[in-house]
Amino acid sequence: MGKVNKRRGIGFKSQKQQRKLDNVLHSLQDRWSTFSIFSEHIYFQRSRYAVSTPYTLSDVADDIIIDNSQPRTDIDWRKGRRVVELSVLADGLRSCEECGIPLHLSHCVGIITYGLGAFLKVPCSNTDCHHINKIATGKKHGRVWDANTKLATAMIHTGMNTSQVNNFLAAINIPPVSEKVITNRMKEAGLSVEEIAKESMQEAISEERLLTHEKQGADAITASVDAGWQKRGSGRSYDSLSESRYKSLPFGKPLSCESLRLALEQLFEAYRKQCRKLAFLGSTQGNEAFNKSVSSKAPKSLHLSASANLNYRVASSVAQKNQGHEYLLKVHKNIGLSPGKFTRQRAILNDIRRAKRKALANTREARKRRLNRKLERGNKLTSAEVREGPTYEPGVEFNDLEVDDVEAIPPPNYPPLKSPPLGSGSYVYFDLEATGFERDSHITQIAALDEDSDEYLCTYVIPQKPISTQASKVTGLALNGTTLHHNGKAVKAVSIQEALQDLISFLGNLPSKKPKILVGHNIKSYDCPILMNALRNCNIDDRFEEEVIGFLDTMKLFRLSFPSQKSYFQQHLSKVLLAEYFTYEAHNALEDVQTQKL
């Protein structure tokens, strides 16, 4: 063992051993000093917000968590969860700042939180060093943590506010972020979003001009204009909260100057002279899609119009409309942040899905599905209105409405049947007469006539409701006690249960074994609702649907075939089209079905 130099305080190490140890330590320090956080950030040099000198880990960050402008220090760093960039953390733990010895995360004695970013206090395990190292959990640009800026960008993109973000973070056990941090970073991200939105609008305008010039030979472009309220309601509440007082006007009151009124009249007079050009209205479907995007990023339930926050979110919608979800990558690069692998993947995936949905929506099959869904919604609404009955009408307090003291709970709403294809069944003409002209009237006569075999059914029904005077004049049916009379003569009548069972048996015993399609004139709004209500009240609608697959209203066919007719009631059409063949008694169910067959 070499000579020991005790005057240098190196213990029992020889000078040769001490020089070797010093060389190793210096080489380690030189090696790891090149991997500072400043050099890790590959986008920092291109950022227009970059500072001229790199920061050090001992700098006090701008992102604070509590209102007294001091970072939050926690001794028990194991509690809760943190947002950590593994590569930054791994590089920070490679060596001690003083001696170069590798650090251990398990030796951490505390954490200093700055929003979503943090410094870990990790002491060196070297017994001669014991230096407390501050290890960053993420990247920074200047003195600002990247995670906090990206959080603000995500809030603008998704339409979340501070309370929602902190509720989300608390739900997954991550410390909340102060409103001051979010406000500062929101301004930083919002200005970048507005800049990207302006660039996208200039590109879109240039492209639109080019396409207009190629297709129409003109440089002028057509713009679609729409407007929306930040707060909806009626009357005074149409104004948003930010306009409750006109802060930029004297005393916060609206202007009432006569000269201003005249100037505005002259301004709109110029527009009036150009009304022919302005009145050429096109489709605003693109505006509706854009309004939907704005409403998702700036919900009307949030008061955003009093600050620049609303402008940031509208600009986000503009950029997304023009460039797709990949505008987020440009926003990050514009600030000096890395675009992010998973951010890029998600943006590309969303844009692919958007293009696929747009392509599928323009196909013929998709348009047919939309029309069918619209028809089903209309049928459900009509069915619900029929079941509910009249709930309000003009002058309701003066009308003599028959209201029962006790009403049964209506049956559940049945899904509407799909329209059967033409030629898929045999046609049976049918018609009803009832106690009134309302959809909840009771049936007084049922008639049906088979097109192929000419077999027919005509049944009179004893109603449970009195026949109205007007209906009696039209149909000639009158109820005297329990006896039904037609034009003053008593006719054989049965209960509604028996009449409907006879109708179902008649349909099932016809020679044609094809499913039946009931044909009638103006049956959609009158006969069909009355018949289906009666079937459901008697609990035999399932048996009826086994025999019948649909209805066909001939009034729509006559409207298409004879568009010049003054009226499309069956009585008028028979006089105009069938007068030379025969005359018939109107509002008699049997006469009606015989006329329908002709």
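We number each residue from 1, following the sequence as shown.
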*Side-chain heavy atoms of Arg346 within contact of Leu328, under 4.5 Å*: no

*Heavy-atom distance under 4.5 Å between the side chains of Leu116 and Leu169, does that happen here?*
yes

*Could you grab the distance from atom CD1 of Ile112 to atom OG1 of Thr137, nearest 0.5 Å is fine?*
11.0 Å

*Please name the pair of heavy atoms, one in Asn133 and one in Pro123, separated by the smallest distance, quoted to 0.1 Å.*
ND2-C, 4.4 Å

*What do you reckon, is CD of Gln164 surrounded by more than 12 foreign heavy atoms closer than 6.0 Å?*
yes

*asked:* Determine whether Val165 and Leu151 satisfy the following criterion, side-chain contact (heavy atoms from CB on, under 4.5 Å), listing intermediate values before the conclusion.
replied: CA-CA 9 Å; Val165 167; Leu151 173 64; 3.9 Å; yes

*Look at the side chain of Glu179 and the backbone N and O of Thr162, then say whether any donor-acceptor pair between them is shorter than 3.5 Å.*
no

*State plainly whether the residues Glu188 and Arg185 are in salt-bridge range, i.e. N to O under 4.0 Å.*
yes

*Is the shortest heavy-atom distance from the side chain of Lys198 to the side chain of Met201 under 4.5 Å?*
yes

*asked:* Just verifying a value: how many Å separate Ser317 OG and Tyr312 OH, rounded to the nearest 0.5 Å?
replied: 15.0 Å

*So, are Arg261 and Glu265 salt-bridged, with charged N and O less than 4.0 Å apart?*
yes

*Distance, nearest 0.5 Å, that separates CG of Asn161 from CG of Asn309*: 9.0 Å

*Student check: side-chain heavy atoms of Gln320 and Ser293 closer than 4.5 Å*: yes

*Which atoms form the tightest heavy-atom contact between Ile135 and Leu103, and what is the distance?*
CD1-CD1, 3.9 Å

*Look at the side chain of Asn322 and the backbone N and O of Ala197, then say whether any donor-acceptor pair between them is shorter than 3.5 Å.*
no

_Quick check for you: to the nearest 0.5 Å, what is the distance between Asn372 atom CG and Arg377 atom CZ?_
10.5 Å

_Which heavy atom of Thr153 sits nearest to which heavy atom of Ala189, and what is that distance?_
OG1-CB, 3.3 Å

*Exercise: identify the closest heavy-atom pair between Ala136 and Trp145*: CB-CH2, 4.0 Å

*Compare every heavy atom of Arg81 with every heavy atom of Pro175, then report the nearest pair and how far apart it is.*
CD-O, 3.2 Å

*Return yes when atom NZ of Lys321 has more than 12 non-hydrogen atoms of other residues, nucleotides or ligands closer than 6.0 Å, and no otherwise.*
yes

*pair Val193-His157: side-chain heavy atoms closer than 4.5 Å*: no

*Any side-chain heavy atom of Ser200 sitting closer than 4.5 Å to one from Val318?*
yes

_Which residues share a ring pair (Phe, Tyr, Trp, His ring centres under 6.0 Å) with His131, sequence neighbours left out_ = none

_Please determine whether side-chain contact (heavy atoms from CB on, under 4.5 Å) holds for the pair His104 and Leu93, giving the CA-CA distance in whole Å, both sets of side-chain angles, and the decisive distance to 0.1 Å._
CA-CA 7 Å; His104 298 277; Leu93 294 175; over 6 Å; no

*Step-by-step side-chain contact (heavy atoms from CB on, under 4.5 Å) determination, Cys124 to Glu98*: CA-CA 9 Å; Cys124 180; Glu98 297 294 332; over 6 Å; no

*Taking salt bridge (Lys or Arg N to Asp or Glu O under 4.0 Å) as the test, write out the residues that go with Arg369, two or more places apart.*
none

_With a 3.5 Å distance limit and no angle check, can you tell me whether Asn166 reaches the backbone of Val177 through a side-chain donor-acceptor pair?_
yes

*Could you check if a side-chain atom of Arg353 sits within less than 4.5 angstrom of a side-chain atom of Leu349, using non-hydrogen atoms only?*
yes

*Salt bridge flag under 4.0 Å for residues Arg19 and Asp22*: no

*Could you check His332, Lys150, Arg344 and say which one makes a side chain to side chain contact (heavy atoms under 4.5 Å, CB included) with Ser338?*
Lys150

*To the nearest 0.5 Å, how far apart are CD1 in Ile196 and CD in Gln323?*
7.0 Å

*Kindly give the heavy-atom pair with the smallest separation between Lys333 and Pro339, and that separation in Å.*
CE-CG, 3.3 Å

*asked:* Ring centres under 6.0 Å, that's the criterion: do Trp77 and Phe119 meet it?
replied: no

*asked:* Any non-hydrogen side-chain atom of Leu191 less than 4.5 Å from a side-chain atom of Glu194?
replied: yes

*Could you go through the side-chain contact (heavy atoms from CB on, under 4.5 Å) check for His141 and Val144 one step at a time?*
CA-CA 5 Å; His141 55 288; Val144 179; 3.7 Å; yes

_CG on Leu86 to CG on Asp91, rounded to 0.5 Å_ = 11.0 Å

